[in-house]
Amino acid sequence: MHDDDIKHPQAAAEFLQDRPHARWHDSAVWWVRKKRDAQAEKLPEWEQLRALADQIKAHTLSRLDEYLAEFANKAKSNGVTVHFAQDAQEHNTIVHGILAAAHVKKLVKSKSMLTEECGLNPYLEARGIEVIDTDLGERIVQLRHERPSHIVMPAIHLKKEQIGELFEKEMGTEHGNSDPTYLTHAARANLREHFLTADAGMTGVNFAIAETGGVVVCTNEGNADLGVSLPPIHISSMGIEKIIPKMEHLGIFTRLLARSAIGSPITTYTSHFHQARQGGEMHIVIVDNGRSAILGSSEFRKSLQCIRCGACMNTCPVYRRSSGMSYSYIIPGPIGSTLGPSRDIKKHASMAFACTTCGSCSNVCPVKINLHEQLVGQRAKAFDANAVPRLKKWAIQTAGFMMKHPALFDFAGKVQRTIIPIVPEALLKNSAWHKYGRATPDMPKDSFKDIMRKRVQGDKK
Amino acid sequence: MKVALFISCYVNELYPDVAMASLELLEGYGIEVEYPLAQTCCGQPLVNNGDLKGACQAEAHFANVFKGYDYIVAPSGSCVAHIKKYATKASKLDPNYVAVAVKTYEIIEFLQEVLNVTRLPKAVSFPHTVSIHQSCHGLRALHHAMPSELQLPYHSRLASILTLVDGIVVKTPERVDECCGFGGTFCMDEPAVSVAMGQDRVAQHQATGATYIVGADSSCLMHMGAIAKAQNTPMRARHIVEILTGRGE
């Protein structure tokens with residue numbers, strides 16, 4: 001499962017060992033970025049939508065306490081039970097409490113990176129409750145005892161042949177059959193059984209509307225709707241940042257969400273939940289789990305604007321070549337690389353450095369989070385917390401010292417230019433520069449400064 | 001007009017020809033250019049690695065060396081992006097630093113925005129197909145071109161100035177502005193991903209039929225050039241100022 005000891009460079013190098021698979025992953029994910037571009041191009045008001053979404057989210061975060069209170073009061077008056085959870089542990093305890101009180105044996109779950117973040121599945125399983133993830137991708141990684149490698153396409157790191165083998169083992173599908181339609185039908189039949197026999201259904205929340213106290217869940221498979229409509233108990237878990245002020249703001253986000261996420265104009269199902277079905281119960285668990293600390297940081301607050309579309313992952317050239325499995329935090333890619341280090345810089349420092357600072361993520365983000373700048377900000381935290389290798393820190397500080405002392409700086413450059421060309425190839429070939437296929441650049445005899453200095457001296461003579 | 005030339009550290013050490021071409025290009029337009037010898041580095045590698053204290057001192061040194069000029073011009077989009085946009089918060093609050101930063105230009109931007117050039121200092125012919133590499137910082141921080149993610153009107157600084165060169169055929173690769181994988185010390189911290197990105201990028205440039213990759217950042221060009229060299233491909237990387245001064249061959 002989730003491994004906090006992952007260091008991105010090593011995990012990425014491992015993923016890249018199977019270069020054809022890594023190439024396939026890169027082009028599969030890039031294909032989604034291209035679909036997103038095609039959709040964005042069709043809307044002349046695209047940049048205006050992004051600006052509005054950014055402003056609404058920033059405004060909401062600036063008065064989050066007021067909007068949360070408004071939301072909770074409204075939801076309660078609709079007959080929903082509202083719970084607040086300080087952290088993952090409290091979230092899990094609350095959810096378990098609701099399920100235990102109703103003697104729930106099986107829970108069907110959909111669309112919730114938050115429950116992954118809280119580690120809900122193992123918590124409930126240890127207490128005798130069967131948990132079935134019902135998004136197809138989530139189900140696949142659940143059966144493989146893995147975590148999702150992408151927040152919208154959780155099993156994008158796998159090829160259909162791997163899924164065929166998995167389903168053969170788990171559901172008894174035909175040996176060697178990896179036809180996507182066939183496998184989808186098998187999964188659907190298997191999941192239908194779980195929907196019908198579950199005692200409770202749980203979903204995440206895409207948007208929570210303060211004005212109405214309702215929550216909105218966007219899916220393409222319809223599983224969230226089945227999951228919360230068939231069983232009598234419906235639990236929605238949401239982070240505190242999911243609030244938007246009014247219903248009239250929702251359209252801006254739904255127009256951006258699906259287009260940014262998978263390049264379709266809208267999700268197949270955009271479902272609104274305001275109260276429990278007749279004779280049932282509806283609970284909303286509002287979770288902090290480190291978010292208010294981020295809210296308190298002017299540098300990283302904007303990361304809470306995220307609407308979890310995953311566009312930053314699709315555009316990130318590092319993510320596409322290393323896969324979500326190479327990041328230590330449950331949310332990978334650019335957004336995860338600021339959220340993870342915000343939570344624990346020592347554990348997740350390598351994520352902040354898994355970035356060339358190309359800035360594509362910030363441009364693609366529908367709510368304009370300055371992702372690449374945040375990652376550089378996280379590096380400063382890592383540097384100060386000694387969460388970078390000691391030798392590297394020393395080298396950086398030495399370089400910084402020389403930058404204030406031009407003569408030393410120029411001398412160091414000359415030493416490198418003189419030494420590298422005479423180092424035997426055998427010694428170089430295992431260096432970070434050469435190991436994976438880079439040749440030594442040609443080294444000129446004189447630096448530009450050497451040439452100019454000679455010119456100045458020549459002028460004086 | 002008193003212009004200072006800022007030559008980034010790796011251009012100074014590894015690509016003196018690029019620096020010389022920049023000098024020649026500016027002087028070709030009749031500008032008086034000075035090259036302050038006390039210059040070192042803009043501080044970008046320090047910020048990128050989290051050393052804000054060191055970076056702030058390097059930035060103060062930069063501001064000190066370059067104060068008093070009308071313009072500071074550099075053949076590096078990445079360094080200029082750092083100076084203008086990504087410098088430490090402390091430097092951004094320092095009026096001496098800001099006074100220098102606002103007068104700093106990437107060389108192509110300077111030629112087009114300040115000098116409004118419509119011709120090259122001397123006629124240059126380059127009868128080859130070139131593929132444009134949009135380095136990320138020049139692209140997204142300085143808007144050298146319209147970044148592919150944004151829905152804004154098309155423009156490309158590099159493509160437009162290259163039309164002044166005789167005989168050149170300018171191409172754009174698939175994934176028009178994807179990063180090459182250099183990323184400063186990223187190329188050493190994450191060598192596997194860095195090289196994989198570079199190999200893909202070189203292949204995309206090659207697929208245009210070009211024999212030269214042309215860009216405005218020697219660092220990206222060095223990385224792709226080193227990969228092309230290791231693969232024994234005929235692809236070569238050239239800084240745009242080399243092409244504009246007839247030093248590209």
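Sequence lines set the chain letters: A, B, ... in the order given, protein chains first and strands last, and positions in each chain run from 1.
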With a 4.5 angstrom heavy-atom cut-off, which part of [X] approaches chain A: side chain, backbone, both or neither?
X         : value
Phe62(B)  : neither
Ile7(B)   : side chain
Leu5(B)   : side chain
Gln199(B) : side chain
Leu139(B) : neither

Checklist entry - Is Lys393(A) close enough and on-axis enough to Phe383(A), meaning under 6.0 Å and within 45°, for cation-pi? => result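 Judged by the rule (NZ or CZ under 6.0 Å from the ring centre, within 45° of its axis), Lys393(A) counts as positioned above Phe383(A).
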Item to check | Most contacts with chain A, counted as non-hydrogen pairs under 4.5 angstrom, among Met222(B), Glu190(B), His61(B) | outcome: Glu190(B)
Next on the checklist: Out of Tyr10(B), Tyr86(B), Phe182(B), return the one with the most heavy atom pairs under 4.5 angstrom to chain A.
Outcome noted: Tyr86(B)
Item to check | Verdict with supporting geometry, Arg320(A) and Asp200(B), salt bridge (charged side-chain N to carboxylate O under 4.0 Å, His left out) | outcome: CA-CA 12 Å; Arg320(A) 275 188 266 113; Asp200(B) 291 351; over 6 Å; no
Item to check | Structural part of Lys449(A) lying under 4.5 Å from a heavy atom of chain B | outcome: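 Contact with chain B: backbone and side chain both.
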Item to check | Positions in residues 142-151 of chain B that reach chain A, provided some heavy atom is under 4.5 Å away | outcome: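 Heavy-atom contacts from residues 142-151 of chain B to chain A are Pro147(B), Ser148(B), Glu149(B), Leu150(B), Gln151(B).
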Checklist entry - Using a heavy-atom distance cut-off of less than 4.5 Å, which residues of residues 43-57 of chain B contact chain A? => result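 Within residues 43-57 of chain B, near chain A: Gly43(B), Pro45(B), Leu46(B), Val47(B), Asn48(B), Asn49(B), Gly50(B), Asp51(B), Leu52(B), Gln57(B).
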Next on the checklist: Pair His157(A), Phe15(A) - check ring pair (Phe, Tyr, Trp, His ring centres under 6.0 Å), show working.
Outcome noted: CA-CA 10 Å; His157(A) 60 297; Phe15(A) 183 75; 8.2 Å; no
Item to check | Steps toward salt bridge (charged side-chain N to carboxylate O under 4.0 Å, His left out) verdict (Glu373(A), Arg140(B)) | outcome: CA-CA 12 Å; Glu373(A) 291 173 25; Arg140(B) 299 196 182 89; over 6 Å; no
Item to check | Ring geometry between His21(A) and Trp24(A) (parallel below 30°, tilted from 30 to 60°, perpendicular above 60°) | outcome: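 Aromatic pair Trp24(A)/His21(A) classed parallel.
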Item to check | Salt bridge present between Lys392(A) and Asp189(B) (N-O < 4.0 angstrom) | outcome: yes
Item to check | Check ion pair Asp37(A)-Arg33(A) (N to O, under 4.0 angstrom) | outcome: yes
Next on the checklist: Please check if the number of heavy atoms outside Glu27(B) that lie under 6.0 Å from its CD is greater than 12.
Outcome noted: yes
Checklist entry - Between the side chains of Arg36(A) and Gln39(A), is a donor N or O closer than 3.5 angstrom to an acceptor N or O? => result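 Arg36(A) vs Gln39(A): no donor-acceptor pair found between side chains.
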Next on the checklist: Please tell me whether Asn232(B) and Lys229(B) have a donor and an acceptor in their side chains that are separated by less than 3.5 angstrom.
Outcome noted: no
Item to check | Heavy-atom check, side chain of His223(B) versus side chain of Ser194(B), under 4.5 Å | outcome: yes
